[in-house]
A.B. asks: 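So that we are looking at the same thing, I have put the structure below in C-alpha cells.
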Amino acid sequence: MITVQSCGDYNLIESWKAHRRGKSPCERLDASDLPDASSRMLFFYAVECGLKYLLIKNRELVRCPTTHGNLLHSHNLSKLVNELRMSKAEMGNKTAPGQLDLALKSGSISHPNFTDVHTAWRYGLPIDPENEKQIVDWLLQVDDVIQKRRRTQ
C-alpha cells in the first residue's frame, strides 16, 4: 500500500472520471454498458475514487490519515456511502444489496459484504446474475449521487 499523507496529492476526481469511462464513453451508464468483469471492476474503483473525493472535501482534510482503519484505506463503499450520509431520496430509494451471492462450481455461497464484489470480478469468481445486476444498479445510483454532489461543491 502506498501511504500518502497530503490529501492534495490525490487526484481522485480525475481518477473517477477516467476509470468510470471504462470501455465506453459514459455520459450515462446502465448495466448493459458494463459488459464484462473488467469493466465492472474498473467502474467499482471509479465509484470508490468518487466517494473518497467527496469524503476528503466534506471533512476538509489537508492531511490524510495513514492508518489502515480509516475509510480512505477501505474498499467498503457501503461504509463510505453511510459516512457521506447519502439519503434515501438521493439514492432513488435504492438500498445496498444485502450480500454477495457467488455461484461457484463447488456450490453457491453468500458472502456478507457485497462490496467485496471487486475481488470476485478481479479473480473471476462467478456471481449470481440477479445479485450482480443489483450491485451494478446500486453502483450506478451511487455514481449519480457523486455527480450531483460534485456539481454543487
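This chain uses plain numbering: 1 for the first residue, then up along the sequence.
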A.B. asks: For the pair Gln141 (side chain) and Glu90 (backbone), establish whether a donor and an acceptor sit closer than 3.5 Å, ignoring hydrogens and angles.
C.D. replies: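 Yes, because the side chain of Gln141 sits within donor-acceptor range (under 3.5 Å) of the backbone of Glu90.
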A.B. asks: Testing Val81, Val47, Asn76 one by one against Thr115 for a side-chain contact (heavy atoms from CB on, under 4.5 Å), which residue passes?
C.D. replies: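 It is Asn76; the other options fail the test.
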A.B. asks: Check this for me, if you would: do Lys79 and Glu83 make a salt bridge, where the nitrogen-to-carboxylate-oxygen distance has to be below 4.0 angstrom?
C.D. replies: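 Answer for the salt bridge query: no.
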A.B. asks: Hey, what do you get for CG (Asn58) to CG (Leu84), rounding to the nearest 0.5 Å?
C.D. replies: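 Going from CG on Asn58 over to CG on Leu84, the span is 5.5 Å.
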A.B. asks: Once the angle between the rings of Trp138 and Phe114 is folded into 0 to 90°, is it parallel (under 30°), tilted (30 to 60°) or perpendicular (over 60°)?
C.D. replies: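 The arrangement is perpendicular - the two ring planes meet at more than 60°.
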A.B. asks: Enter the distance from Asp144:CG to Leu140:CG here, rounded to the nearest 0.5 Å.
C.D. replies: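 Separation between the atoms: 7.0 Å.
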A.B. asks: Supply the atom-to-atom distance Asp116 CG to Ile135 CD1, rounded to the nearest 0.5 angstrom.
C.D. replies: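 Going from the CG atom of Asp116 to the CD1 atom of Ile135 covers 10.0 Å.
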A.B. asks: Without swapping roles, check the side chain of Asn131 against the backbone of Gln99 for a donor-acceptor pair under 3.5 Å.
C.D. replies: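 Yes; judged by distance alone, with no hydrogens or angles, the pair exists.
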A.B. asks: Do the side chains of His118 and Leu77 get nearer than 4.5 Å, heavy atoms only?
C.D. replies: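 Not touching, per the 4.5 Å side-chain cut-off.
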A.B. asks: For the residue pair Lys57 and Arg149, establish whether any side-chain heavy-atom pair is separated by less than 4.5 Å.
C.D. replies: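 Counting from C-beta outward, Lys57 and Arg149 never come under 4.5 Å.
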A.B. asks: Please work out whether the ring planes of Phe44 and Trp121 are parallel, tilted or perpendicular, with thresholds of 30° and 60°.
C.D. replies: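 Aromatic pair Phe44/Trp121 classed perpendicular.
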A.B. asks: Can any side-chain N or O of Lys94 pair as donor or acceptor with the backbone N or O of Val142 at less than 3.5 Å?
C.D. replies: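 Absent.
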A.B. asks: Any salt bridge between Asp137 and Lys133, counting N to O under 4.0 Å?
C.D. replies: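 Salt bridge flag = yes for Lys133 with Asp137.
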A.B. asks: Do Leu61 and Leu72 come close enough that some side-chain heavy atom pair is under 4.5 Å?
C.D. replies: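 Result yes, sub-4.5 Å side-chain heavy-atom pair found.
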A.B. asks: Would you call Leu102 and Ser108 a side-chain contact if the rule is heavy atoms closer than 4.5 Å?
C.D. replies: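 Of all side-chain heavy-atom pairs linking Ser108 with Leu102, none is under 4.5 Å.
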A.B. asks: I want to check something: taking the side chain as every heavy atom from C-beta on, are His73 and Asn70 in contact at a cut-off of under 4.5 Å?
C.D. replies: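 Contact flag for His73/Asn70 side chains = yes.
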A.B. asks: Can you find a heavy atom in the side chain of Asn113 that is under 4.5 Å from one in the side chain of His75?
C.D. replies: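 Asn113 vs His75: side chains apart.
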A.B. asks: With side chains defined as the heavy atoms from C-beta onward, is the minimum distance between Val136 and Val117 less than 4.5 Å?
C.D. replies: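 No, too far: nothing below the 4.5 Å cut-off.
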A.B. asks: Would you please test Met86 and Leu51 for side-chain contact (heavy atoms from CB on, under 4.5 Å) and show each step?
C.D. replies: CA-CA 11 Å; Met86 291 185 175; Leu51 289 170; 3.4 Å; yes
A.B. asks: Is the shortest heavy-atom distance from the side chain of His111 to the side chain of Thr119 under 4.5 Å?
C.D. replies: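 They are not in contact (no side-chain heavy atoms under 4.5 Å apart), so the answer is no.
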A.B. asks: Please answer: with hydrophobic residues joined when any side-chain heavy atoms are less than 4.5 Å apart, are Ile127 and Tyr123 in the same cluster?
C.D. replies: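 The answer is no; the residues belong to distinct hydrophobic clusters.
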A.B. asks: In Å, rounded to the nearest 0.5 Å, how long is the span from CD1 of Ile146 to CZ of Arg151?
C.D. replies: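 Answer rounded to 0.5 Å: 12.0 Å.
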